[in-house]
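These figures come from a predicted structure and were not determined experimentally.
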Amino acid sequence: MEQHLKLATELIDFIHESPSPYHVVDNTSKLLEKAGFEKLELQNAWKLERGKKYYTTRNGSSLFAFITGKEKPSETGIRLICAHSDSPSFKVKPSPEMTEDDHYLKLNTEVYGGPILMSWLDRPLSMAGRVAVQGNDPFSPDMKLVNFNRPMVIIPNLAIHLNRSVNEGVELNKQKDMLPLLGILNKGDQKKGFLKEMLAREAGVDASRILDFDITLTEHSRGCIMGPDNEFISSTRLDDLAMVHAGVKAIANASPSATTQMLCIFDNEEVGSQTKQGAGSPVFKNIFYRILKQLGNDEESIQRSIYRSFMISADMAHSVHPNHPEKHDPVLHPLINQGPVIKIHANQKYTTDGDSGAVFESLCQLAGVPCQRFVNRSDMTGGSTLGNVSTSQLDIRSVDVGNPMLAMHSVRELAGVKDHEYMIRVFDKFFEDRR
């Protein structure tokens, strides 16, 4: 199998096995441990050594992996790749069971992030996340991952006969129209606690021991490679698990070098990053400082290390839409399978400037990879990502990049097979020891 098809297949498998941020971190941890990374607990004492591989996690949904450099960070800096583990979805509310006509059982949910709502309708969905189970210490509940991994719920559309104007456009109400149908109540079924009983069976615990849960809806169908020449990846959660997978591949492939290498996978980017496990949290700065102090750096050396460091903020980018080219800048048209995209914004929604953009383009040239640039139409407001949020914690040179894709935030997104290999090659070059 050609390398780009092999890597695309690995990405599809990774996404399918990672239906929630908790599963993303769990599966990433397994890949890192296979590559020789040692897990550290944030609450325990660390004893880092130069030229060794480590990782730690926060809240089960953010992860920080690093390979300590053989030389002083004050001379070499730290090279960081940042991505995020979360995707737009629907979170199940506490006591979620709702009935209609004492027959249909629905789940009460709230929207997480900014999904394209209509893309979630009439599609078999599954559920995944974690449950908190009562343990011996009230401050340390046992957290168990849950992945139903089969069609469980559906959000049915309203028939056209009952809404004749549906094809003229309809505004979906998040509380009324987007509630998933779970099933049909049998005679004697108790609606209250129905979901908890299901979670208990899936987690292999007694329902009375479940204290709480973090469960979201997820696309059930596995992604696929498609197109006449197998040129496309069609999958859920390409934004941003494609960049997570590329970053994990790169740091797992990396060898200890002069420079400390680091991968940061943050949660909650889709809702602003201002959480204890998000890019706006002090956790990023705390771990950065902790690594440097463990390697024997004083405050002056840490400051020097910060200003020698470089960060790639990796979040997916927009390809020009073939049916709506007018929605894009008239000149800059990023295209699928034409290489990574450098994202630029005059009003600083992205961290890229002439300096950092030149660094990334140089890396692309060294990797033998094409490179593109994205800027919004001047009369449209675009999205933002975790680059600026991260640099509000640490003053590091940074560039915002991503692979071009279509249908961002749809339950099913579309990206390029070749682009995924291209980005991994650039990340490999970024971590490469050139001393």
Visitor: Could you check whether any side-chain heavy atom of L125 comes within less than 4.5 Å of a side-chain heavy atom of P151, counting everything from C-beta outward?
Guide: no
Visitor: Quick check: closest heavy atoms across P404 and I336, and the distance to 0.1 Å?
Guide: O-CG1, 3.7 Å
Visitor: Can you see which heavy atom on S85 is nearest to which on L241, and at what distance?
Guide: O-CD2, 3.8 Å
Visitor: Can E432 and K429 be counted as an ion pair, charged N to O under 4.0 angstrom?
Guide: yes
Visitor: Counting only heavy atoms not in M118 (residues, nucleotides, ligands), do more than 12 fall under 6.0 Å from its CE?
Guide: no
Visitor: Scan for salt bridge (Lys or Arg N to Asp or Glu O under 4.0 Å) pairs involving residues 11-36, sequence neighbours excluded, and state none if there are none.
Guide: D13-R222, D26-K30
Visitor: Are any non-hydrogen side-chain atoms of F284 and N286 less than 4.5 angstrom apart?
Guide: no
Visitor: Do any side-chain atoms of residues 102-112 form donor-acceptor pairs under 3.5 angstrom with protein atoms, and if so which ones, sequence neighbours left out?
Guide:
from : atom 1 : to   : atom 2 : distance (Å)
N108 : OD1    : Q175 : NE2    : 3.0
Y112 : OH     : D86  : OD2    : 2.6
Y112 : OH     : N268 : ND2    : 3.1

Visitor: State the OH-CG distance between Y22 and D267, to the nearest 0.5 angstrom.
Guide: 6.5 Å
Visitor: Which salt bridge (Lys or Arg N to Asp or Glu O under 4.0 Å) pairs, counting each pair once, include a residue from residues 143-159, with sequence neighbours left out?
Guide: R150-E202
Visitor: Strictly by salt bridge (Lys or Arg N to Asp or Glu O under 4.0 Å), give each pair with a member in residues 245-258 just once, sequence neighbours left out.
Guide: E10-K249
Visitor: Looking only at heavy atoms, which two atoms of L42 and T57 are closest? And how far apart?
Guide: CD1-O, 3.4 Å
Visitor: Under the salt bridge (Lys or Arg N to Asp or Glu O under 4.0 Å) rule, collect the residues that match up with E171, sequence neighbours excluded.
Guide: none
Visitor: Quickly, which of P21, S273, C82 forms a side-chain contact (heavy atoms from CB on, under 4.5 Å) with F266? Name it, please.
Guide: C82
Visitor: For S234, give me all partners under side-chain contact (heavy atoms from CB on, under 4.5 Å), at least two apart in sequence or on another chain.
Guide: C224, M226, R412, L414
Visitor: Pair up each side-chain donor or acceptor in residues 153-170 with any protein partner under 3.5 Å, not counting sequence neighbours, and list the distances.
Guide:
from : atom 1 : to   : atom 2 : distance (Å)
N157 : ND2    : D122 : OD2    : 3.4
N163 : OD1    : S165 : OG     : 3.3

Visitor: State, with a plain yes or no, whether a side-chain heavy atom of V399 is found less than 4.5 Å away from one of D353.
Guide: no
Visitor: What distance do M243 atom CE and I265 atom CD1 have between them, rounded to the nearest 0.5 Å?
Guide: 12.0 Å
Visitor: Could you go through the ring-ring contact (aromatic ring centres under 6.0 Å, His included) check for Y55 and F37 one step at a time?
Guide: CA-CA 6 Å; Y55 79 95; F37 284 74; 7.2 Å; no
Visitor: If you measure from CG on L7 to CD on E2, what distance do you get to the nearest 0.5 Å?
Guide: 11.5 Å
Visitor: With sequence neighbours excluded, what pairs up with R425 under the salt bridge (Lys or Arg N to Asp or Glu O under 4.0 Å) test?
Guide: none
Visitor: Looking at side-chain heavy atoms only, is the closest gap between I306 and F288 below 4.5 Å?
Guide: yes
Visitor: Does the side chain of M405 come within less than 4.5 Å of H318's, by heavy atoms?
Guide: no
Visitor: Does the pair I251 and K53 meet the rule for a side chain to side chain contact (heavy atoms under 4.5 Å, CB included), with working shown?
Guide: CA-CA 10 Å; I251 201 163; K53 301 178 178 182; over 6 Å; no
Visitor: I'd like to know whether NZ of K174 has more than 12 heavy-atom contacts from other residues, nucleotides or ligands below 6.0 angstrom.
Guide: no
Visitor: For D315 and H84, what are the C-alpha separation, side-chain angles and deciding distance, and is it a side-chain hydrogen bond (donor to acceptor under 3.5 Å, both in side chains)?
Guide: CA-CA 8 Å; D315 202 352; H84 64 89; 3.2 Å; yes
Visitor: Would you give the length of the straight line joining atom OG of S255 to atom CD1 of I67, rounded to the nearest 0.5 angstrom?
Guide: 7.0 Å
Visitor: Step by step, would you call V131 with D212 a side chain to side chain contact (heavy atoms under 4.5 Å, CB included)?
Guide: CA-CA 6 Å; V131 295; D212 209 338; over 6 Å; no
Visitor: Apply side-chain hydrogen bond (donor to acceptor under 3.5 Å, both in side chains) to T351 and S398, showing your working.
Guide: CA-CA 6 Å; T351 58; S398 176; 2.9 Å; yes
Visitor: Is the shortest distance from a Lys or Arg side-chain nitrogen in R123 or E219 to a carboxylate oxygen in the other one below 4.0 Å?
Guide: yes
Visitor: Identify, with sequence neighbours excluded, every residue that meets salt bridge (Lys or Arg N to Asp or Glu O under 4.0 Å) alongside K285.
Guide: none
Visitor: Could you pull out all donor-acceptor pairs under 3.5 Å where a side-chain atom in residues 372-380 meets a protein atom, sequence neighbours excluded?
Guide:
from : atom 1 : to   : atom 2 : distance (Å)
Q372 : OE1    : L335 : N      : 2.7
Q372 : NE2    : L335 : O      : 3.0
Q372 : NE2    : Q338 : O      : 3.4
Q372 : NE2    : G339 : O      : 2.9
R373 : NH1    : E361 : OE1    : 3.0
R373 : NH2    : E361 : OE1    : 2.9
R377 : NE     : D379 : OD1    : 2.8
R377 : NH1    : E326 : O      : 2.8
R377 : NH2    : D379 : OD1    : 3.3
R377 : NH2    : D379 : OD2    : 2.7

Visitor: Is there side-chain contact between N230 and L5, with heavy atoms separated by less than 4.5 Å?
Guide: yes
Visitor: Any side-chain heavy atom of T56 sitting closer than 4.5 Å to one from K39?
Guide: no
Visitor: Verify, without hydrogens or angle tests, whether S126 (side chain) and H220 (backbone) share a donor-acceptor contact under 3.5 angstrom.
Guide: no
Visitor: In chain order, what residues pass the salt bridge (Lys or Arg N to Asp or Glu O under 4.0 Å) check against R397, with sequence neighbours excluded?
Guide: D355
Visitor: Between Y289 and I291, is any pair of side-chain heavy atoms under 4.5 Å apart?
Guide: no
Visitor: Salt bridge (Lys or Arg N to Asp or Glu O under 4.0 Å) for R237 and E413? Distances and angles first, verdict last.
Guide: CA-CA 7 Å; R237 299 188 299 282; E413 300 167 326; over 6 Å; no
Visitor: Which atoms form the tightest heavy-atom contact between S313 and D400, and what is the distance?
Guide: OG-OD1, 2.7 Å
Visitor: Could you report the tightest heavy-atom contact between H420 and A242, atom names first, then the distance?
Guide: CE1-O, 3.2 Å
Visitor: Which residues pass the side-chain contact (heavy atoms from CB on, under 4.5 Å) test with S89, sequence neighbours left out?
Guide: W120, T216, L217
Visitor: Got a second to check how far L117's CG is from D177's CG, nearest 0.5 Å?
Guide: 9.0 Å
Visitor: Check this for me: K72, atom NZ, are more than 12 non-hydrogen atoms of other residues, nucleotides or ligands nearer than 6.0 Å?
Guide: no
Visitor: Answer yes if the side chains of H23 and N147 hold a donor-acceptor pair under 3.5 Å, and no otherwise.
Guide: no
Visitor: Taking all heavy atoms of K91 and all of D214, pick out the closest pair and write down the distance.
Guide: NZ-OD1, 3.5 Å
Visitor: For the atom pair CD1 (I12) and NE2 (H245), what is the distance rounded to the nearest 0.5 Å?
Guide: 10.5 Å
Visitor: Is there a donor-acceptor pair under 3.5 Å between the side chain of S309 and the backbone N or O of I78?
Guide: yes
